[in-house]
Structures are given as structure tokens and as C-alpha cells.
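The structure under discussion appears below in the form of C-alpha cells.
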Amino acid sequence: MKKIFYMIIFSSLLFANSSQHLEITSGDIGGCAYSQNGDLLAVFDNQNLLKIINLNMQDEVGIIKGKRLTSASFDKDSLYVGTNDGEILKFNQNGTHDKSVFDASSFGLDTSISYLKFKNNKLYAFVGKNTFISYDVATGKLHTIKLDKIYRVSSCIILDDRAIVTGWDRSVYEINLTNLQAKELFRTKSVVLSSQELLGDVVFGLANGEILTLKDGSYIKISDFGVKSLALIDDEIYMGLKNGEIYKSDLKFKDIKIYGANPDTVVKIFGHNKSIVVVMLNGKVKFNNKS
């Protein structure tokens with residue numbers, strides 16, 4: 001992989017509550033991840049370009065262009081990136097490539113890594129369409145389970161002791177992370193596009209513009225547009241929609257109101273210092289002052 005020269009383009013304010021706006025890439029966002037302390041943002045686009053952004057300095061600390069990238073997850077010191085050919089690559093926080101830590105083909109698995117998450121010293125991901133893996137980086141031990149009834153996964157969230165997985169067939173599964181046993185819980189009214197842990201519960205964002213809470217099964221209408229991203233920031237839930245709107249709510253979804261509008265689909269929302277950071281599909285990142 002080759003490191004190239006780079007530049008971040010700053011532009012004028014887009015909205016009244018926005019502090020500034022960065023153009024990260026000219027291609028559509030394929031995925032992104034942010035570090036546990038919130039200081040680093042990794043973004044990859046549909047042109048196989050990965051950028052690591054220091055949000056404090058608002059500049060790039062590294063760029064990598066190469067394989068087709070499919071997923072990303074930070075641990076404390078490193079960035080793990082999944083590829084379309086079944087590898088998981090490890091990068092240092094300055095953007096330099098460290099090594100390949102996993103290769104699906106060496107285990108006889110189908111290629112393409114998705115929904116990658118580093119947690120509890122293990123890498124969790126889907127390989128191919130429906131094979132869930134738990135991989136211990138230190139020992140090299142791999143455990144897998146295939147969810148045969150799911151043709152393709154639509155979302156996956158890793159909790160402390162279980163994974164909650166949804167499929168494009170509207171099914172919801174729970175996977176025990178200790179023994180990798182899975183059970184189907186129920187089917188949703190519409191396809192799940194996003195998920196977020198919420199105080200021991202899980203909230204789903206649906207394609208029909210509703211949200212659903214896992215614990216009590218309550219459906220709440222937000223919009224006519226799909227809920228593409230969810231975030232828990234300072235005891236409030238933020239919901240990013242396909243049409244670029246963002247709504248926010250209290251934790252019980254009793255007070256829901258529009259937070260702002262954006263020119264493209266909101267693929268990620270998270271908090272950084274005094275800002276709400278919004279990542280859009282078109283490669284732009286906006287910093288909104290917390291209100």
C-alpha cells in the first residue's frame with residue numbers, strides 16, 4: 001500500500017449551528033469508525049481510499065489507498081480494517097500499515113469482512129454473507145457460527161456478552177459470545193438499517209422511518225425516511241436519516257424534535273468535545289456546536 005500526499009479542504013459554514021465543515025473524500029463514504037477517546041476518525045470511500053483524521057487538529061494523520069475496504073474498528077492503539085478479499089488489516093494511529101492479522105481464505109471461509117468490531121481483545125465480524133466469527137488476535141483462535149437462515153446481514157451490534165444481528169429478511173438474532181450459540185428473537189416490521197446500545201437495551205433504526213427498542217418492542221415513528229444512523233450522546237439519542245435530517249430525543253423517546261438538516265444521508269453521528277460530529281454519505285464531515 002502506498003502513502004500519498006494529502007490535503008483537507010476547509011469550507012465556509014453550512015448551517016447556523018455548525019462550527020465548521022470538512023470535505024474528507026470526493027467519493028461516497030463506504031464506512032467509518034472513531035476511536036474510543038473520540039480523537040480519531042477513520043473514513044473509507046468507494047474509491048478504496050482510507051483516511052485517518054485527527055479531530056483535535058482537524059487534519060489528516062494518514063492516508064492509505066489500495067484494497068477494497070468494507071469495515072473498520074478502533075481499539076485503544078490501532079485501527080483494524082476489513083477488506084473485500086477476506087483480510088483484516090491493522091494500522092497504527094499515524095496511518096502506517098502494521099500487518100494483516102486475519103485472512104479468511106486461510107480458514108477456508110468465504111471472503112469479504114463486514115460489521116467489524118474490536119472488543120474484549122477479540123475481533124468480531126461477519127465473513128461472507130452470514131458467517132459470524134470471533135477471533136482472538138493474541139492466540140489466533142477462531143470460532144465461527146453460520147446463520148443459515150439469514151441471506152444477508154443488515155446490522156450487527158456487539159454488546160458485552162452477546163451480539164444482536166439483523167437480516168434483510170427483517171429477522172433479529174441474538175448470539176451468545178461465550179459459546180457462539182444463536183437464537184432468532186423475532187422479525188421487525190421493516191428492515192433494520194442501524195442499531196445502538198442504550199443502557200442495556202438496543203435501539204434499531206428502520207427503513208420505514210421508525211425506531212424500535214429491543215427490550216419492550218415499542219415502535220416509534222420518526223419520519224418517512226429510513227433511519228441510517230443512531231448515536232447516544234450526553235443522555236440524548238440522535239437519529240440520522242437517509243434524507244439528511246437529524247432528530248434527537250430523550251432516552252425514553254418522549255421528547256423527539258428535529259436537530260438539523262444536511263445535504264446528504266447521515267451515515268455516522270458521534271460526540272467530540274463540545275461538538276456533534278456528522279459524517280455524510282458524500283464524504284463531508286460537519287461539526288455542530290452542542291446545543
Side-chain angles (χ1 to χ4, degrees), residues 3-35 37-66 68-74 79 81 91 93 95 193-194 196 205 207 209 222-223 225-234 236-248 258-291:
K3 204 167 185 178
I4 62 176
F5 293 105
Y6 55 84
M7 178 184 296
I8 287 185
I9 302 173
F10 289 89
S11 67
S12 59
L13 299 180
L14 286 183
F15 302 98
N17 67 339
S18 177
S19 57
Q20 55 183 259
H21 144 249
L22 309 177
E23 184 174 337
I24 301 300
T25 146
S26 59
D28 282 352
I29 295 293
C32 59
Y34 61 98
S35 60
N37 61 11
D39 290 340
L40 295 177
L41 171 67
V43 174
F44 62 89
D45 66 13
N46 58 3
Q47 300 174 16
N48 307 327
L49 184 68
L50 169 68
K51 294 188 177 184
I52 303 174
I53 313 299
N54 184 314
L55 295 174
N56 291 323
M57 304 299 295
Q58 295 185 358
D59 63 2
E60 294 170 1
V61 294
I63 291 185
I64 301 96
K65 184 174 178 62
R68 183 179 170 190
L69 307 177
T70 56
S71 50
S73 178
F74 278 100
L79 172 67
V81 178
F91 294 90
Q93 290 194 7
L193 301 180
S194 55
Q196 169 67 45
I222 302 298
S223 168
F225 296 91
V227 183
K228 285 286 292 181
S229 54
L230 290 162
L232 173 61
I233 305 172
D234 296 339
E236 290 182 306
I237 289 286
Y238 289 77
M239 298 157 277
L241 307 185
K242 290 189 71 174
N243 70 342
E245 290 180 334
I246 298 176
Y247 285 77
K248 72 174 180 177
I258 192 165
Y259 173 74
N262 302 278
D264 206 351
T265 298
V266 178
V267 297
K268 197 76 171 180
I269 309 170
F270 61 95
H272 172 69
N273 294 336
K274 296 181 180 181
S275 297
I276 302 295
V277 183
V278 179
V279 182
M280 288 170 273
L281 181 64
N282 60 7
K284 294 179 173 60
V285 177
K286 190 175 67 166
F287 296 80
N288 289 343
N289 294 324
K290 290 181 180 178
S291 56

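In plain terms, the two heavy atoms of Ala207 and Leu193 that are nearest each other are CA-CD1, 3.6 Å. Contact between Ile246 and Gly240 at its shortest, heavy atoms only, is CG1-CA, 4.3 Å. The minimum heavy-atom distance linking Val227 with Ser194 is given by the pair O-OG, 2.9 Å. Shortest non-hydrogen contact noted between Leu79 and Ala42 is CD2-CB, 3.7 Å.
Between Met239 and Lys248 the shortest side-chain heavy-atom distance does not fall below 4.5 Å. Here the side chains of Leu241 and Tyr247 are in contact, with some heavy-atom distance below 4.5 Å. Inter-residue side-chain proximity for Leu40 and Phe74 is flagged as met; some heavy-atom pair is nearer than 4.5 Å. Using a 4.5 Å heavy-atom threshold, the side chains of Glu245 and Ile258 count as touching. Between Lys268 and Tyr34, the closest side-chain pair of non-hydrogen atoms falls below 4.5 Å. Annotation: side chain of Ile233 is in contact with side chain of Ile269 (closest heavy-atom distance under 4.5 Å). A heavy-atom distance below 4.5 Å is not found between the side chains of Leu50 and Val43.
Between Tyr259 and Tyr238, the distance separating the two ring centers is shorter than 6.0 angstrom.
Separation of atoms CG (Asn56) and CG (Asp39) is listed at 4.0 Å; rounding is to 0.5 Å. To the nearest 0.5 angstrom, Asn288 atom CG is 7.5 Å from Ile276 atom CD1. Interatomic distance, Asp45 CG to Cys32 SG, rounded to the nearest 0.5 Å: 12.0 Å. Ile237 contributes atom CD1, which lies 10.5 Å from atom CD1 of Ile222 (distance to the nearest 0.5 angstrom). Put simply, CG on Asp264 and NZ on Lys286 are 12.0 Å apart, with the number rounded to the nearest 0.5 Å. How far CG of Leu41 is from CG of Leu55: 5.5 Å, rounded to the nearest 0.5 Å.
Side chain of Ser229 to main chain of Val266: a donor-acceptor pair is present (N/O by atom type, distance under 3.5 Å, no hydrogens or angles). In this structure, Asn273 contributes its side chain and Ser275 its backbone to no donor-acceptor pair below 3.5 Å. Between the Asn262 side chain and the Thr265 main chain, no donor and acceptor come within less than 3.5 Å of each other.
Of the charged side-chain nitrogens involved, at least one lies within less than 4.0 Å of a carboxylate oxygen, so that Lys290 and Asp234 count as a salt-bridged pair.
Lys274 and Asn289 are not linked by any side-chain donor-acceptor pair at a separation below 3.5 angstrom, with hydrogens and angles left out of the test.
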